Colleague: 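Just passing along the structure, written as structure tokens.
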Amino acid sequence: MKLAVDPDVAAALAARRAVVALESTVIAHGLPRPQNLAAARALEEEVRGLGSTPATIAIADGQAIVGADDALLTRLAEDLSVAKVSLRDLAPVLARRGLGATTVAATVEIAARAGIAVMATGGIGGVHRGGERSFDESADLEAIARHPVCVVCAGAKLVLDLALTLERLETLGVPVVGYGTDELPAFYVRSSGLRLEHRVEDALAAARVTREQLARGAGIVIAVPIAAGDALDRRETEAEIARALQAAERQGVRGAALTPFLLGQVSEATGGRSLAANLSLLRANARVAAQIALALAI
Ligand code: PSU
Ligand code: MN
């Protein structure tokens with residue numbers, strides 16, 4: 001795999017300064033136009049504002065791009081044919097020189113290859129409801145276990161089976177560390193009701209755990225709850241998700257298309273409040289990731 005590392009990112013890495021990888025599936029498939037391009041730029045600004053260097057990761061021209069420029073961010077946000085690239089898609093999309101947005105799984109693999117220790121995202125993928133029958137488990141989980149990257153997220157989406165997701169992460173040896181919380185956050189919703197074994201209060205403490213875990217050659221999840229003022233109500237959101245799951249079943253939506261479909265349905269049903277929540281947590285996660293990257297660089 002050929003890496004095309006942006007000069008600013010390369011300079012920061014060479015000088016051992018803080019760098020934060022950002023995933024691109026959320027831009028291409030997770031957020032609606034035109035807010036997606038604004039969000040992609042805003043996340044980079046959050047990271048820069050704290051004195052860290054952002055590196056949005058994607059696939060283009062047969063290369064893994066580490067640090068997309070504004071022209072590529074624009075294509076990722078506006079081109080309707082951007083592929084969603086998880087681990088199984090990396091080689092095919094590279095070989096056909098296609099344009100691809102990377103999921104958390106593909107992003108951590110590429111970040112690790114580039115020597116980037118921290119990435120920010122909205123929510124990680126996980127085990128889908130009914131996963132014990134469908135085997136639909138995101139490649140994000142194994143990828144985080146396999147690559148020494150700290151993934152800062154707002155937990156995982158309520159559309160998933162969060163208890164099964166935590167079980168898998170335990171088996172895979174991935175610590176899920178609550179950032180100022182004892183509970184797994186559930187993306188738009190602050191609490192899932194699922195207790196976490198490990199907790200830190202700030203970026204410095206998160207960096208200490210991260211350093212130990214990365215030295216094991218494996219990744220870690222730092223789970224940051226959405227700001228209370230932007231969070232959605234859990235019961236209301238659960239009801240919308242139940243409806244979205246039924247619609248997916250009726251329309252036969254499965255596989256890689258399922259996550260974007262469910263998120264789109266919930267967004268429509270909540271009249272844009274879920275979009276505002278999504279943007280809020282993405283920005284907050286970018287800030288925490290930048291702070292952890294800075295603490296690691298000391
Ligand atoms: N969370 C969001 N929007 C997204 C995703 C997560 O709010 O678009 C994406 C992330 O890129 C994550 C991917 O890695 O969904 C997981 O997809 P799958 O379950 O197909 O592995
Ligand atoms: Mn899947």
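Keep in mind it's a predicted model, so treat the numbers as computed, not measured. Order of appearance sets the numbers: ligands from 1, and atoms from 1 within every ligand.
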Colleague: Is any side-chain heavy atom of His198 less than 4.5 Å from a side-chain heavy atom of Val176?
Modeller: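 No, their side chains stay 4.5 Å or more apart.
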Colleague: Under 4.0 Å between a Lys/Arg side-chain N and an Asp/Glu carboxylate O for Arg235 and Glu240?
Modeller: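 Result for this pair is no, no salt bridge flagged.
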Colleague: Out of Glu137, His128, Lys84, Lys157, who gets a non-hydrogen atom closest to atom 20 (O) of ligand 1?
Modeller: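 Looking at heavy atoms only, the winner is Lys84.
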Colleague: Return yes or no for this condition: an N or O of Val104 is under 3.5 Å from an N or O of ligand 1.
Modeller: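 Right, the criterion is met.
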Colleague: What protein heavy atom is closest to atom 19 (O) of ligand 1, reported as residue, atom name and distance in Å?
Modeller: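 Here the nearest protein heavy atom works out to Thr259 OG1, 3.5 Å.
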Colleague: If you measure every N or O of Glu23 against every N or O of ligand 1, does any of those distances drop under 3.5 Å?
Modeller: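 Right, the criterion is met.
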Colleague: Here's a test for you: under side chain to side chain contact (heavy atoms under 4.5 Å, CB included), which of Gln265, Arg129, Lys157, Gln246 qualifies with Ile241?
Modeller: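 Passing option: Arg129.
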Colleague: Is it true that Glu183 and Arg195 make a salt bridge, defined as a side-chain N closer than 4.0 Å to a carboxylate O?
Modeller: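 Result for this pair is no, no salt bridge flagged.
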Colleague: When you measure from atom 3 (N) of ligand 1 to every protein heavy atom, which one gives the shortest distance, and what is it?
Modeller: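 Here the closest protein heavy atom is Leu263 CD1, 3.2 Å.
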Colleague: Side chains of residues 29-39: which donor-acceptor pairs under 3.5 Å do they make with residues two or more places apart or in other chains?
Modeller:
from: His29; atom 1: NE2; to: Val82; atom 2: O; distance (Å): 3.2
from: Arg33; atom 1: NH1; to: Ala77; atom 2: O; distance (Å): 3.0
from: Asn36; atom 1: ND2; to: Ile27; atom 2: O; distance (Å): 3.0
from: Asn36; atom 1: ND2; to: Ala77; atom 2: O; distance (Å): 2.9

Colleague: Looking at the Mn ion (ligand 2), which N/O/S atom of Asp136 is the nearest one?
Modeller: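 It is OD1 of Asp136.
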Colleague: Look at atom 12 (C) of ligand 1 and say which protein heavy atom is nearest, naming residue and atom and giving the distance to 0.1 Å.
Modeller: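 Going atom by atom, the protein heavy atom closest to atom 12 (C) of ligand 1 ends up being Asp140 OD2, 3.4 Å.
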Colleague: If you measure every N or O of Thr102 against every N or O of ligand 1, does any of those distances drop under 3.5 Å?
Modeller: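 No: no nitrogen or oxygen of Thr102 is under 3.5 Å from one in ligand 1.
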Colleague: Can you list the steps and then say if Ile110 with Ile65 is a side-chain contact (heavy atoms from CB on, under 4.5 Å)?
Modeller: CA-CA 9 Å; Ile110 293 164; Ile65 309 296; over 6 Å; no
Colleague: Less than 3.5 Å apart, which donor and acceptor atoms pair up between the side chains of residues 214-230 and the rest of the protein, not counting sequence neighbours?
Modeller:
from: Arg216; atom 1: NH1; to: Gln213; atom 2: OE1; distance (Å): 3.0
from: Asp230; atom 1: OD2; to: Ser280; atom 2: OG; distance (Å): 2.7

Colleague: Do me a favour and list the nearest non-hydrogen protein atom to atom 9 (C) of ligand 1 with residue, atom name and distance?
Modeller: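 Among all protein heavy atoms, the one nearest atom 9 (C) of ligand 1 is Thr25 CG2, 3.9 Å.
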